[in-house]
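To start, the structure under review is shown below, and the notes come after it.
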Amino acid sequence: MSEQGRVAVITGAGRKNGIGAAIARHLAGQGTHVVLGDLCAEPPSHLVNPGAGQWQELQEIARELEGLGVRAVPVRVDVTDAAAVEAVVTMTMEQFGRLDILVNNAGVVFGPAPVAQMQEEAWRKTLEVNATGTFLCSKLALPALMQTAGKYSRARIVNISSLAAIRPKPYMAAYAASKAAVVALTQSLAQEVAQYGITVNAVLPGDIDTGFKRWGLQLESMVRGQALEEVVAAAVGQIPVGRLGLPEDVAGLVAYLCSQAADFVTGQAINVTGGRELVQATMPESGR
Ligand code: NAD
């Protein structure tokens, strides 16, 4: 399978400074056509959430990528809506005749709180988008991925989990549980579809400097009663590499997993954290 002319569907790609757009940029730079999905609306909830990619921004990202000489198709899609996801897969096969890569990147945090105070709705919505959304997109894309793998001998699913899956922080139980579910789904599905030439891997980003992360750091600064700069410095202080990650750091790993070089890599959960998990975690209230 040449890296040229492949087709990728990337969910949650509606923010210019987000991980999804960085993955799309990297793959498009290698000649992969991209279908860029995003909710493109305020999340349907009153619960605290950093918001969502917007249609205007998604279209601008698509135009930028077309400048790289590939086709880039922006689509509104809610990954929790099976009919909408199926429509994206159908559109992709009608327009391109193949689907080589699915990147499940859409993700949310609704209403972080201690479990004792967490709203049931926040738990359910976080699990619905992060875990069920990844399940639905994978399930509904599989027939197209199998068809493509049959013709070109390989296809890929890459799931964007989180370091939270293996190093859950307080107040983030729903998010951590949803991202752990993504890892388990990855490992189960990888075994089911290896025979068809499809690899399935999970990527676990640490602190990656996006709008989503900045929102998380702001929340932490409120919880700790510390200035944002202090919270950022403390976060960086716990990363051996000495900086926050960049969306491009994640994109490079995803591109590797999508490449021919990763033919023998499946069912893996790979950290891209600057070594963060090697450092002791601290409690929000005490700074311990
Ligand atoms: P982001 O907010 O820029 O990207 C998430 C995108 O998902 C948004 O554009 C949003 O509109 C979209 N989305 C939300 N609900 C959706 C739905 N129901 N259907 C379709 N799209 C939906 O944030 P990001 O930091 O780029 O995060 C991307 C992924 O990386 C997420 O899965 C996140 O959990 C994960 N992650 C991020 C970090 C980090 O530090 N930034 C760390 C670990 C994991």
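Counting starts at 1 for both ligands and their atoms, following the listed order.
Ion pairing between R224 and E220 holds under the 4.0 Å rule for side-chain N and carboxylate O.
Shown here for V183 and A269, the closest heavy-atom pair between the two residues is CG1-CB, 4.0 Å. Counting all heavy atoms, side chain and backbone alike, L68 lies closest to G29 at CD1-N, 4.0 Å.
Residues satisfying the salt bridge (charged side-chain N to carboxylate O under 4.0 Å, His left out) criterion with E277, sequence neighbours excluded, are absent altogether. Looking at residues two or more places apart in sequence or on another chain, you find a ring pair (Phe, Tyr, Trp, His ring centres under 6.0 Å) between F96 and H33.
Taking only nitrogen or oxygen atoms, main chain and side chain alike, I19 reaches within less than 3.5 Å of ligand 1. Ligand 1 has no nitrogen or oxygen under 3.5 angstrom from a nitrogen or oxygen of N17. Taking any N or O of D78, backbone or side chain, at least one lies under 3.5 Å from an N or O belonging to ligand 1. Residue contacts with ligand 1: L39 is placed with a nitrogen or oxygen under 3.5 Å of a nitrogen or oxygen of the ligand (distance criterion only). For a threshold of 3.5 Å applied to N or O pairs, the pair formed by D207 and ligand 1 contains no separation below that value. The shortest N or O to N or O distance between C40 and ligand 1 is not under 3.5 Å. The shortest N or O to N or O distance between V79 and ligand 1 is under 3.5 Å. Annotation: T210 places an N or O atom under 3.5 Å from an N or O atom of ligand 1; distance criterion only. Considering backbone and side-chain N/O of V108, none are found under 3.5 Å from N/O of ligand 1.
There is a side-chain donor-acceptor pair under 3.5 Å between T186 and N159. For the residue pair Q187/Q191, the side-chain donor-acceptor check at 3.5 Å is not satisfied.
No donor-acceptor distance shorter than 3.5 angstrom exists from the side chain of E64 to the backbone of A62, with no hydrogens or angles considered.
Of the candidates R154, Q268, R156, T199 forms a side-chain hydrogen bond (donor to acceptor under 3.5 Å, both in side chains) with just one, namely R156.
Which parts of ligand 1 touch G107 is read off a 4.0 Å heavy-atom cut-off, strictly below it: atoms 5 (C), 7 (O), 31 (C), 32 (O). Listed by atom number, the atoms of ligand 1 under 4.0 Å from N105 heavy atoms are 28 (C), 29 (C), 30 (O), 31 (C), 32 (O). In summary, the atoms of ligand 1 found under 4.0 Å from a heavy atom of G206, numbered by their order in the structure, are 38 (C), 39 (C), 40 (O), 42 (C), 43 (C).
Of the listed residues (D38, T134, L244), the one carrying the non-hydrogen atom nearest atom 8 (C) of ligand 1 is D38.
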